[in-house]
> 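My structure is below; once you've seen it, I'll send some questions.
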Amino acid sequence: MAEGSTYPEPQGRDQGRLDTGIPHIARVYDYWLGGKDNYAVDREVAEKVIATGNPVTHNVRANRAFLGRAVHYLAAEAGIRQFLDLGTGLPSADNTHEVAQRVDPQARIVYADNDPIVLVHARALLTGSPSGATTYIHADVRDTEKILLEARSTLDFDQPIAVVMAGLMHCIPDEDDPAGLVATVLSEVVSGSYLALSQPAADINGLAMARTGAVMDRLMPAKITYRTRDQVARFFEGTELLEPGLVPAPSWRPAPGADTAPRSVWAGVGRKP
Ligand code: SAM
């Protein structure tokens, strides 16, 4: 376990039960990414979405690649050394702490997720470099009070922090005020902090996304909300969007020669002035 790591008891809306009979978004996403941390119920949902013809495996890879590029940019070019990554997901290639601590081993990362299986993997795998720290909070991101309180034991809120919300906000329905959630977190970080956010798009390859939404509505216990560019732009209110703005994920500062075919994910990075 990394120096400074704490693993609080599961709390919040999800009391930490691992139910392998109910599909969960972290494990469905893991299957689409080619991972092995999923169960038959998760694979069934994932395969039904693939069967709609939606190129969802490309979408999730584009999302994951954006996460890596954004964290690398923030650490290597913007000089950020603290990351609050909400909606951790199951460990995959180039997790936030690995990307940031490759740039600077002193980088400090706090993750938060509400899936019990993410908690199990976080305990085993999300270890930081000896000098940095990687901490995991098992909580619902809507419980901002708990997350902000616990994050303070690892992060210095008097210094800039990058708030990372990659592929998370579609799990927060409109009635739970997702823009308010982002605004609450951003109100706690100092000027010069950043928001890196991506969210599945309702308006890129919209027909395929609508078909996917229908499958998810039918089979997933938690409501999934895809959003248009205008709706996602609201999350960045109060920040200055970095170039190239809010764009399909593959177009956010792509590596030279990378495939930039649009995928159904909006992505951007904003700076708190
Ligand atoms: N951020 C990772 C990425 O971009 O590769 C993982 C994205 S995955 C699609 C969404 C993650 O958000 C899952 O791990 C899921 O458990 C987590 N999540 C969804 N709703 C949540 C909530 N209300 N509170 C905390 N975590 C949540």
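When a residue number appears, it is its place in the shown sequence, counting from 1. As the structure lists them, so they are numbered: ligands from 1, and atoms in each ligand from 1. Hydrogens, waters and symmetry mates are skipped; everything else that's a heavy atom, side chains included, is used. Note that the coordinates shown come from a computational prediction; the quantities given were computed from them, not determined experimentally.
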> Heavy-atom contacts under 4.0 Å between Ile25 and ligand 1: side chain, backbone, both, or neither?
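Under 4.0 Å from ligand 1, Ile25 contributes side-chain atoms alone.
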
> Determine, for Arg102 against Glu98, whether the closest basic-nitrogen to carboxylate-oxygen distance falls under 4.0 angstrom.
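So Arg102 does not pair with Glu98 through a salt bridge.
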
> Under 4.0 Å from ligand 1, counting heavy atoms only, is it the side chain of Ile172, its backbone, both or neither?
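Looking at Ile172 and ligand 1, just side chain atoms fall under 4.0 Å.
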
> Counting heavy atoms only, name the option from Val118, Asp140, Ile147, Asp113 that's nearest to atom 16 (O) of ligand 1.
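Nearest heavy atom to atom 16 (O) of ligand 1 lies in Asp113.
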
> Looking at ligand 1, does Ala139 have a heavy atom less than 4.0 Å from it?
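Per 4.0 Å heavy-atom rule, Ala139 contacts ligand 1.
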
> Does ligand 1 have a heavy atom under 4.0 Å from the side chain of Ala166, from its backbone, from both, or from neither?
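The answer is both, backbone and side chain.
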
> Report the nearest protein non-hydrogen atom to atom 24 (N) of ligand 1: residue, atom name, distance rounded to 0.1 Å.
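Heavy-atom neighbour on the protein nearest atom 24 (N) of ligand 1: Val141 N, 2.9 Å.
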
> With a 4.0 Å cut-off on heavy atoms, does Met165 reach ligand 1?
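The answer is no, since Met165 has no heavy atom less than 4.0 Å from ligand 1.
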
> Any chance you could lay out the side-chain hydrogen bond (donor to acceptor under 3.5 Å, both in side chains) test for Tyr29 and Asn63, step after step, and finish with the verdict?
CA-CA 11 Å; Tyr29 179 77; Asn63 178 72; 2.9 Å; yes

> Decide yes or no for Thr20 and Val41: does some side-chain heavy atom of the first lie under 4.5 Å from some side-chain heavy atom of the second?
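No - every pair of side-chain heavy atoms lies 4.5 Å or more apart.
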
> Quick one: does Arg227's side chain have a donor or acceptor within less than 3.5 Å of a partner on Met169's backbone?
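Checked: pair present.
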
> Clusters formed by hydrophobic residues whose side-chain heavy atoms approach within less than 4.5 Å: which one holds Val190, and what are its other members?
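Val190 clusters with nothing; isolated.
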
